[in-house]
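As the structure lists them, so they are numbered: ligands from 1, and atoms in each ligand from 1.
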Amino acid sequence: MFKTHLAIGFLVGLIAMHYIQPSNQVLFMILILLGSLLPDIDHPNSTLGRKTKIIALLFEHRGFFHGFLSIIPLLFLLSFILTKVQLIAVALGYASHLLSDALTVEGIMPLHPLSRWRLKGFLRTGAFYEGIFLLGVVVIDVIMLWRL
Ligand SMILES: [Zn+2]
């Protein structure tokens, strides 16, 4: 669910800002949140994938875009328009999405297309379990914001 990815991305953003201290914190956070939604571009029914159906048709869901190698061409393309700190923000958001999907029972193929080896966890997506997980992340988000 994209809400869960946003909540986790927000948490990663809060932690990263503490260390990186970007000059524009709002932009830094927006880029992390965008990065955290980007991998689901390969999912025809995701919030983002519905608008880019062609990519979902060409690429397997949780295939290339859910592997860490996809970050390389992505950052290369974005390097023409973004600064180094902004690229770090996108990469962090993107990686946070992959790592959270890796915690689910469906898992991801981190080395796709080199290997179809799957990294899997025990979390179930959708409905009840993800709702509880999301609530937990949001509570941590709020506590961290409070302490800033
Ligand atoms: Zn995903």
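- Applying the ring-ring contact (aromatic ring centres under 6.0 Å, His included) test to every pair with at least one member in residues 39-59, sequence neighbours left out, gives these pairs: His43-His61, Phe59-Phe65.
- When the side-chain hydrogen bond (donor to acceptor under 3.5 Å, both in side chains) test is applied to Glu106, the partners found at least two apart in sequence or on another chain are Arg62.
- Around the Zn ion (ligand 1), the protein contributes the following N, O or S atoms under 2.8 Å, ordered by chain and number: Asp40 OD1, His66 NE2, His97 NE2, Asp101 OD2.
- Distance check, rounded to the nearest 0.5 Å: CZ of Phe133 to CG of Leu123 gives 5.5 Å.
- Taken to the nearest 0.5 Å, the CZ atom of Phe10 stands 10.0 Å off from the CD1 atom of Ile32.
- Applying the salt bridge (charged side-chain N to carboxylate O under 4.0 Å, His left out) test to Arg116 and every residue at least two apart in sequence or in another chain returns Glu60.
- Side-chain atoms of Thr4 and Glu130 form a donor-acceptor pair, as typed in the model, at a separation below 3.5 Å.
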